[in-house]
Q: 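One structure, as structure tokens, below. Some questions next.
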There are 2 protein chains.
Amino acid sequence: MDVAFVLYPRMTALDLVGPYEVLGHQPEVTSHFVAASREPVTTDAGLVVVPTATFAELDRADVIVVPGGGGWAEVLEEGVVAAWLRVAHPTATWTASVCSGSTLLAQADVLDGRPATTHWALRDELAARGAVVATDRVVVDGSVVTGAGVSAGIDLALTLVGLIWGDERARFTQLLIEYDPEPPYRAGSPESAPAELVALARGVFAGR
Amino acid sequence: MDVAFVLYPRMTALDLVGPYEVLGHQPEVTSHFVAASREPVTTDAGLVVVPTATFAELDRADVIVVPGGGGWAEVLEEGVVAAWLRVAHPTATWTASVCSGSTLLAQADVLDGRPATTHWALRDELAARGAVVATDRVVVDGSVVTGAGVSAGIDLALTLVGLIWGDERARFTQLLIEYDPEPPYRAGSPESAPAELVALARGVFAGR
């Protein structure tokens with residue numbers, strides 16, 4: 001089973017690595033890291049990752065994972081990820097996005113009229129692109145699975161493992177990565193965080 | 001503030017990227033990725049990351065983060081990470097480990113007689129190396145912060161942000177990464193997972 005993780009400059013590394021850690025260890029999986037070129041890609045805060053294939057070299061995969069990140073607006077403008085998704089999505093068994101990766105799926109018309117989720121600060125952005133935006137952490141609609149912001153990629157990927165290989169496999173994976181979260185604060189959603197922090201965070205996203 | 005993330009072959013990418021995503025965006029932080037050489041490092045399931053410095057080139061940092069992973073037994077045997085920690089830890093403000101990274105801290109005598117945590121399947125391994133092993137998800141003891149398995153790196157790093165810059169900063173970071181976890185299963189700890197899965201997972205770790 002080929003899993004293609006999309007890479008692009010300034011992407012959020014955790015949007016990639018949450019799903020990678022969960023999916024990449026399944027014995028059936030071969031992971032591919034696909035980008036516009038084979039040049040190393042600098043992620044959001046300086047970590048450099050290396051593609052294994054270009055979009056031209058790999059045009060199909062059983063599972064596609066599109067992360068979000070700081071570079072999503074530029075990538076939308078270039079259209080290179082959406083162009084690849086128009087080719088690769090129709091033959092994929094599952095197509096998934098994390099965070100602002102959802103806007104790239106929308107650009108490729110994957111989310112037209114579909115229920116989908118995204119980072120809480122980008123719900124209007126996604127709705128404007130034709131998706132029926134939900135506030136859930138993970139949304140499964142047919143073959144398309146979307147996740148909320150950044151850390152939701154772990155929940156999304158465990159959901160996907162359950163759908164593909166069953167609950168027992170997903171539980172085993174969860175146990176191996178000791179995913180028994182204990183956030184030291186209660187501030188992970190706009191409902192739980194102080195209002196002034198929510199406003200500040202919206203400003204960060206608006207400025208991108 | 002210089003944060004040094006240690007890289008080595010077969011390390012668990014999420015042990016690195018959880019803390020990276022939380023610490024790397026703090027405006028005061030410059031992230032460094034330190035390894036035995038500048039050669040790209042292949043992590044646990046094929047993702048390749050690129051070091052920015054060798055252990056010889058960077059011998060001090062304000063914060064040190066040591067991830068765990070499949071290669072920890074080989075790295076223990078080589079002793080190269082422990083040798084670097086003996087130089088870098090005494091001048092660091094904070095030294096942290098995720099998952100089996102704790103055994104590398106122990107090898108460098110950082111955990112002698114200290115309370116510390118690690119991946120649930122490696123508690124005996126860590127106790128045998130002189131630490132006072134706790135079952136907590138994150139343990140702070142003086143300047144040393146240890147985390148449980150893999151995904152605990154996110155909780156650890158948010159704890160560290162709170163200690164360094166205060167609760168408000170940590171809450172803001174948690175909101176930006178929408179860390180409002182909703183694991184689709186209840187199986188992330190040996191207490192919550194079915195006993196047969198716990199036995200199977202212990203076997204995986206014993207076989208490393």
Side-chain angles (χ1 to χ4, degrees), chain A residues 5 12-14 16-18 20-21 23-25 29-31 33 40 44-50 52 99 119-120 137-138 148-152 154-155 158-159 162 167-168 170-172 174-190 192-194 197-198 200-201 204, chain B residues 5 12-14 16-18 20-21 23-25 29-31 33 40 44-50 52 99 119-120 137-138 148-152 154-155 158-159 162 167-168 170-172 174-190 192-194 197-198 200-201 204:
Chain A
F5 297 95
T12 301
L14 187 52
L16 162 72
V17 171
Y20 158 84
E21 206 59 61
L23 294 167
H25 286 280
V29 164
T30 304
S31 294
F33 305 95
D44 52 340
L47 179 65
V48 174
V49 297
V50 183
T52 57
C99 198
H119 191 287
W120 63 265
R137 192 152 172 89
V138 177
V150 191
S151 59
I154 300 173
D155 298 325
L158 285 170
T159 301
D167 294 343
E168 200 71 353
R171 283 194 189 95
F172 186 56
Q174 185 180 352
L175 180 62
L176 285 175
I177 65 165
E178 201 166 348
Y179 187 47
D180 186 24
E182 289 181 23
Y185 301 91
R186 223 185 125 265
S189 74
S192 59
L197 292 185
V198 174
L200 205 58
V204 169
Chain B
F5 297 95
T12 301
L14 187 52
L16 162 71
V17 172
Y20 158 83
E21 206 59 63
L23 294 167
H25 287 280
V29 164
T30 303
S31 294
F33 305 94
D44 53 339
L47 179 66
V48 174
V49 296
V50 183
T52 56
C99 198
H119 191 287
W120 63 266
R137 193 152 173 90
V138 177
V150 191
S151 58
I154 300 172
D155 297 324
L158 284 170
T159 301
D167 295 343
E168 201 71 352
R171 282 194 190 96
F172 185 57
Q174 184 180 352
L175 179 62
L176 285 175
I177 65 165
E178 202 167 348
Y179 186 47
D180 185 25
E182 289 182 20
Y185 303 91
R186 225 187 123 263
S189 75
S192 59
L197 292 184
V198 175
L200 204 60
V204 169

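Hydrogens, waters and symmetry mates are skipped; everything else that's a heavy atom, side chains included, is used. Chain letters run A, B, ... following the sequence lines, proteins first, then strands; residues in each count from 1.
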Q: Where does Ala13(A) contact chain B at under 4.5 Å (heavy atoms): side chain, backbone, both or neither?
A: both
Q: Taking the side chain as everything from C-beta on, heavy atoms only, tell me whether Pro183(B) gets closer than 4.5 Å to Pro181(A).
A: yes
Q: Shorter than 4.5 Å, heavy atoms on both sides: which option in Val150(A), Val50(A), Leu47(A) has the most such pairs with chain B?
A: Leu47(A)
Q: With a 4.5 angstrom heavy-atom cut-off, is it the side chain or the backbone of Leu14(B) that approaches chain A, or both, or neither?
A: both
Q: If every non-hydrogen atom of Ala148(A) is compared with every non-hydrogen atom of Glu178(B), which pair is closest and at what distance?
A: CB-OE2, 3.5 Å
Q: Does the ring centre of Tyr185(B) sit less than 6.0 Å away from the ring centre of Tyr179(A)?
A: no
Q: What option among Val29(B), Asp44(B), Val138(B), Thr52(B) has the most heavy-atom pairs under 4.5 Å with chain A?
A: Asp44(B)
Q: As an exercise: rank Phe33(B), Phe5(B), Tyr20(B) by heavy-atom pairs under 4.5 Å with chain A and give me the winner.
A: Tyr20(B)
Q: Quick check for you: among Asp155(A), Leu175(A), Val48(A), Leu197(A), which has the greatest number of heavy-atom pairs under 4.5 Å with chain B?
A: Leu175(A)
Q: Among Pro194(A), Ser189(A), Gly24(A), Pro40(A), single out the residue with the greatest number of heavy-atom pairs under 4.5 Å to chain B.
A: Ser189(A)
Q: For Leu23(B), which atoms come within 4.5 Å of any heavy atom of chain A: side chain, backbone, both, or neither?
A: neither
Q: What option among Val198(A), Leu158(A), Leu16(A), Asp167(A) has the most heavy-atom pairs under 4.5 Å with chain B?
A: Asp167(A)
Q: Give, as side chain, backbone, both or neither, the part of Thr159(B) having an atom under 4.5 angstrom from any heavy atom of chain A.
A: both
Q: Please state whether the side chain, the backbone, both or neither of Glu21(B) comes within less than 4.5 Å of a heavy atom of chain A.
A: side chain
Q: Show the nearest heavy-atom pair for residues Gln174(A) and Gly188(B), with the distance to one decimal.
A: NE2-N, 3.5 Å
Q: Report which part of Ala201(B) has an atom under 4.5 Å of a heavy atom belonging to chain A: side chain, backbone, both, or neither.
A: both
Q: Which heavy atom of Ile177(B) sits nearest a heavy atom of Ile154(B), and at what distance?
A: CD1-CG2, 4.2 Å
Q: I want to check something: taking the side chain as every heavy atom from C-beta on, are Arg137(B) and Asp180(A) in contact at a cut-off of under 4.5 Å?
A: yes
